[in-house]
Amino acid sequence: MNEDFPKRFHFKEIQGRIYQRWLESGAMRGIPDERENRYVIMMPLPNVTGALHMGHAMDNVMQDLLIRWHRMKGDNTLWMPGTDHAGIATQAVVEKRLFELEGKTRHDIGRDALVERIWRWKDEFQARIIEQQQAMGCSCDWTVYRFTMDAVCARAVREAFFRLFQDGLIYRGNRLVNWDCHLQTAVSDDEIVRKTVHSHFWHIRYPFMDAAPGEPAWVTVATTRPETMLGDTAVAVHPDPERVLDASIEDLEARLATAPEKERPDLEAERDRLRLRRSTHIPKLIQLAAMARDGRTLRLPLLGREIPLILDEWARPELGSGCVKITPAHDPNDYDVWLRHKHEIDIINVLNPDGTYNAHAGPYAGHDRMVVRDRVVADLEAQGLIEKIEDHELELGHSDRSKTPIEPYLSRQWFISMGDRPDGVLFGRGTANAFTAPGLAQAAIDVASGRWRTASGRALAFHPDPERYAGTYTAWLAEKRDWCISRQLWWGHRIPIWHGTISRERLEAVSRLAFEEEQEGLWTWVADEDGKLTCPRDVRGGGPFQVLACIRRESDESRLAPLLEAAGLEQDPDVLDTWFSSALWPFSTLGWPDPDTARVDPGQTPLGPQDGTPSFLDYYYPGSCLVTARDIITLWVARMQLMGLYLLGDVPFTDCFIHANIQDGKGERMSKSKGNGIDPLDIIDEYGVDAMRYVLCDMQTGTQDIKLPVQAISPYTGERIDLATARHGRTIFTYIDPANGKEFDVLGTIDDLPRARVTSDRFEVGQLFCTKLWNAARFALINLGRHTFRPLASEELRPEDRWILSRLAGAVGKVTRALEAYDPAGALATAREFFWGDLCDWYLELVKPRLKEDGGAYAARAVLSVCMDHVLRLFHPFVPFITEALWEKLGEQAPVRGLREPLPACDLLMSATWPEVEASWVDESVEQEVAAVQDVVRAIRDLRAQYQVPSSRQVDAAIQAHGEALARIEKLSHLVARMAGVRALTCGPEVDRPRLSAVAVCGDVEIHVAGVIDVEKERIRLTRQRDKIEKELQRIGKKLANEKFLEKAPADIVNKERARHAELRGQLELVGASLRAFE
RNA sequence: GGGCGGAUAGCUCAGUUGGGAGAGCAUCGGUCUUACACACCGAAGGUCGCAGGUUCAAGCCCUGUUCCGCCUACCA
């Protein structure tokens, strides 16, 4: 045994082999069966842009923890893995490389060639991601691996789109979108990062075309984007500036009345400013409002265009000049103004998709917007039309993908209607769970409200903090903003719509075609200019009509598309937002809408019914838990919920576990691009996968962020350098080695600098744990010999046996409860406390002598084997590799384990059962007895340490105690002797104080350790203890002297304090007596 | 500007309905005691961000305040 059990745990020798065993066993697969209890996790798909980082590691480990635990609990588990095509992110990366390596743009190589290259990129990174996940020990079902653009998912995307379209929930409209001029696509709000930039307010004068004497000759408007003036189509003034300003002043007065002293100066200043403004600005604004009513116009500088002065409440009398320029095509608020004044003012788009200005910009056409800005400002200044320029800081949206500033841009896009509909929306059409709700967003809000459940009785709950995250979820959905689902990209699911403006005759041809298609394979709408949809048969007049036609199935496309195109329709070039396909993930992966015909890849598990078992969709939907970080709540959780509710009438999952985000030592978000990111494979290589998992679980408490101090390994010295405090070099990715002043790089982007690997010593803790577990198991197994089971009579159990079993029962319960509460760190702490604190530090030491003797050895081995068995089970979800490896060895030494009966056996720990609390093991009194022993032992050890007695040297001791305490100690005095290194131990109510003995007072127990004494040292130590007791007595005494305390505090609290007071007084007497003995 | 969260030992974090401040790592002292020196034994270390308030009693509840993180917004 000793030979084939290495002294140290070498993780590299087991990791690959163990994972292979799991794979071959098929234990990771989800196979529908007769079990009612199932547990389903849909992996939040990593995108194929790059490799996984520490945040993914946390996410994957949390999922694996839950799935392994549930698998052991006997649930039928499915953990669905996969990757996301991540449209814009992936295309951006591949395009960037194309340009860097070959100097080509996507237009040079064309749509098909670009998509082909992206597929190759995807294959490469998908393989790397799978490698990382397997290295982390992820026990997902690889035989059902999905990709959001594979045949199974693609069919679901198309079907979902069709149904939304058919229900009139998808529309096409002109909207201002966030435009990425670099990638030339619309991006969603989520893809925008805000940065503070230094800028200016430019105050510009717009002269009146026809100012009469006594009237102002111009109005002044201010802007942070002067170039957009080329697209101005009006200037607005408030229709009733006086009233609004007075209302603002009144509002301020009201706030002043109740405002705290601190805020008063600011409020007063603001009130005074507005009061002053009343006289300086209002007369002019009233005059301007009158001029606007009179239909007066302004001359737009530089272009000379005549634009009206209009009345609109968007113009705020309390700000700026009180007038505001209106650029409907390039500002969301101005767009709203345009909607209100459609028939009075124009909307002019001056921007090309690439960020240059178009022909509407006159002489500025063809130049980039930044160039236009400079020239517009220069030209205005030359004409004396710039009144002033102020410095100003503003939060400017930048595209997360291209890092360039976002432009609001008017373009035709596709939207999903999120708001409430007049007739409501039918959810789960054709299912047993069908219901009607006001709108998509509202249903998703209701299901998390705690007040409404689906027909199956399900709802959505967040963990570990239900209120907080339900709050962010609901707040976002409550805005009910329509979801822009089109992207001007080439990589993604193409929108299956053919559209065009065609004659009545052609419309009728298309309608006939749609009518003839079986199973509603083609659906058409006629849209008016506002996007409102009408059924073709209800349209009146001769056209032409804007027609939208959706082909339901890809397989029909080759047949139907030519017919639509012959009728003058064209397929939309856009693709769908990535989140559209991600939102379907909880059921697209299961083969929805028809698992029987889902086209899985060769070698994959079919999703349809097999030999009488239900289909994956029927069996595994609705799922159980989504595990993710909080920044994805709106993107994912909300959208998956509403899609699941809409298409299947039930939630995609009932629980959402929000785990922490990982930050570096400075509290900054970890990211590859900042160079503070850690590759999980580096950690696995250095510390082992179990160590990494252990630490990640240990860090997952309840907080929202976790700081993980990051170090670089110096390429010069090999020393660790803390990146939170290290000095930067020439860029933020380079640092100075404090040992030699040399610079190094953490990203590997600077050619002439050596690259440093980034790691974190925080993972050492996990390695220490694994070593301990390994060694404890090694000890246990060496001592088990070849253990064969026989039923054990309870009389054979000694107190320490009953104690450790009682502790074990307690630990099993506590660990289970912590996992149920989504508290991995709490669960791990409990398990560790039992294993390390109870089993290793006490039980193993206590039974060492017994393992050598004949009488007590069998019981000790049986208990030891049961403890190790349970320890491995409890730790398995956290540290699966080492526990599985030790389980193999335990199985060899003690194939059948148990006390009265054998424990349920299993070849693989992964498939073994989760321990249950054994009520008969719980023994409060033995726990108290041992606790008393531990107190005495610690007191003796403390004395030994004070006198620096080597542990090899035995001492004599005498314990003076009374009543129950004495009985307990006497009963287990042999354990005290063993654990405290005592040779001769005497106990009694009155013991002879050994000559020259050190003394400790522990409760009402007095302990004398003979043979070690230093009078002065004893005096100092005892005096210190006496002072401490006196201080505490004083505190409690004060409390007990307080009549109000005695009156108002609950009786049990008062009694507790009294008891403690009495105990401390006894202790004080003992300490005092000992002190006197030294005088 | 609004919202959410955090501030507890040198570091990273626990602290569950208010009732004697905890863990791990790091530090210090001792020990190679028949699994483990990647260990064991012991010790030291905290005005619980700051200021008020409620209460017999506050790390915990309330108000204010400072700093940090995240989300969010249209302020000319």
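Every chain is numbered from 1 and lettered A, B, ... according to where its sequence line falls, protein lines coming before strand lines. Source: prediction; values computed, not measured.
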- Paired and unpaired positions of RNA chain B as dot-bracket, Watson-Crick or G-U wobble under 3.5 Å, | denoting a partner strand: (((((((..((((.....[..)))).(((((.......))))).....(((((..]....))))))))))))....

- Task: Can you figure out which of B:A73, B:A44, B:U12 approaches the side chain of A:R762 most closely?
- Result: B:U12

- For the side chain of A:T771, counting heavy atoms from C-beta on, which of B:C38, B:C56, B:A35 is nearest? B:C38

Could you list, one pair per line, each protein nitrogen or oxygen that sits under 3.5 Å from a nitrogen or oxygen of nucleotides 15-19 of chain B, together with the distance?
none

- Message: What contact category does A:V765 fall into here, base, sugar-phosphate, or nothing, at under 4.0 angstrom with non-hydrogen atoms?
- Response: sugar-phosphate

- Within the structure, does a side-chain N or O atom of A:K1038 lie under 4.0 Å from either OP1 or OP2 of B:A57? no

- Message: Mind checking if A:D841 touches a base, just sugar-phosphate, or nothing, with heavy atoms under 4.0 Å?
- Response: sugar-phosphate

- Message: Any base atoms under 4.0 Å from A:R481, or only sugar-phosphate, or nothing? Heavy atoms, all strands.
- Response: sugar-phosphate

- Task: Give the intermediate values and the outcome of ring-ring contact (aromatic ring centres under 6.0 Å, His included) for residues A:F462 and A:Y473.
- Result: CA-CA 10 Å; A:F462 288 87; A:Y473 169 91; 5.4 Å; yes

- Message: I want to know whether A:F875 and A:F769 have ring centres closer than 6.0 Å.
- Response: yes

- Query: Donor-acceptor pair, A:T474 side chain versus A:G471 backbone, under 3.5 Å?
  - Reply: no

- Message: Over all strands shown, is A:A315 touching base, sugar-phosphate only, or nothing at heavy-atom distances under 4.0 angstrom?
- Response: base

- Message: Taking salt bridge (Lys or Arg N to Asp or Glu O under 4.0 Å) as the definition, give me every residue that meets it alongside A:R316, ordered by chain and number, with sequence neighbours left out.
- Response: A:E318

- Task: Check the pair A:F779 / A:N783 against side chain to side chain contact (heavy atoms under 4.5 Å, CB included), numbers first and verdict last.
- Result: CA-CA 6 Å; A:F779 170 81; A:N783 283 287; 3.1 Å; yes

- Can you find a side chain N or O atom of A:K7 that sits less than 4.0 Å from OP1 or OP2 on B:C36? yes

- Message: By the 4.0 Å heavy-atom rule, please label A:E845 as base, sugar-phosphate, or nothing.
- Response: base

- Task: Output yes when at least one side-chain N/O atom of A:W836 is less than 4.0 Å from OP1 or OP2 of B:C36, else no.
- Result: no

- Does OP1 or OP2 of B:C41 have a side-chain N or O of A:S951 closer than 4.0 Å? no

- Take A:H203 and A:E390 through the test side chain to side chain donor-acceptor pair (under 3.5 Å) and record every step on the way to the result. CA-CA 8 Å; A:H203 296 256; A:E390 291 175 290; 2.7 Å; yes

- When you get a sec, tell me which of B:C38, B:C70, B:G5 is the closest nucleotide to the side chain of A:L768? B:C38

- Task: Measure from the side chain of A:A945, starting at C-beta and using heavy atoms only, and say which of B:A35, B:G29, B:U31 lies closest.
- Result: B:G29

- Message: Just to be sure I understand the rule, does A:W314 reach a base, reach only the sugar-phosphate, or reach nothing, if contact means heavy atoms closer than 4.0 Å?
- Response: base

- Quick note, A:Q948 side chain, CB onward, closest among B:C25, B:G30, B:C56 is B:G30

- Touch check for A:C323, heavy atoms < 4.0 angstrom, all strands: base, sugar-phosphate only, or nothing? base

- How would you label the contact of A:R8 with the nucleic acid (heavy atoms, under 4.0 Å): base, sugar-phosphate, or nothing? base

- Message: I'd like to know whether the aromatic ring centres of A:F5 and A:W774 sit less than 6.0 Å apart in this structure.
- Response: yes

- Message: Please tell me if A:K848 has a side-chain N or O lying less than 4.0 Å from either OP1 or OP2 of B:U33.
- Response: no

- Task: Kindly point out which of B:G42, B:A35, B:C13 is positioned nearest to the side chain of A:R941?
- Result: B:G42

- Just checking A:L1046: base, sugar-phosphate only, or nothing, at a heavy-atom cut-off of under 4.0 Å? nothing

- Closest approach of A:R762 to A:P709 (non-hydrogen atoms, all atoms of both residues): NH2-CG, 3.5 Å

- Message: Rounded to whole Å, how long is the line connecting atom CD1 of A:I882 with atom P of B:C36?
- Response: 16 Å

- Phosphate oxygens OP1/OP2 of B:U12: is one of them under 4.0 Å from a side-chain N or O of A:K707? yes

- Task: Could you say whether A:R938 or A:E764 is positioned toward the 5' end of RNA chain B, judged by the nucleotide with the nearest heavy atom to each?
- Result: A:E764

- A:Q711-A:R720 side chain donor-acceptor pair, cut-off 3.5 Å: yes

- Task: Considering only NZ, NE, NH1 and NH2 on the basic side and carboxylate oxygens on the acidic side, decide whether A:E313 and A:R340 come within less than 4.0 Å.
- Result: no

- Query: Can a donor-acceptor pair be found between the side chains of A:K325 and A:T327 at a distance below 3.5 Å?
  - Reply: yes

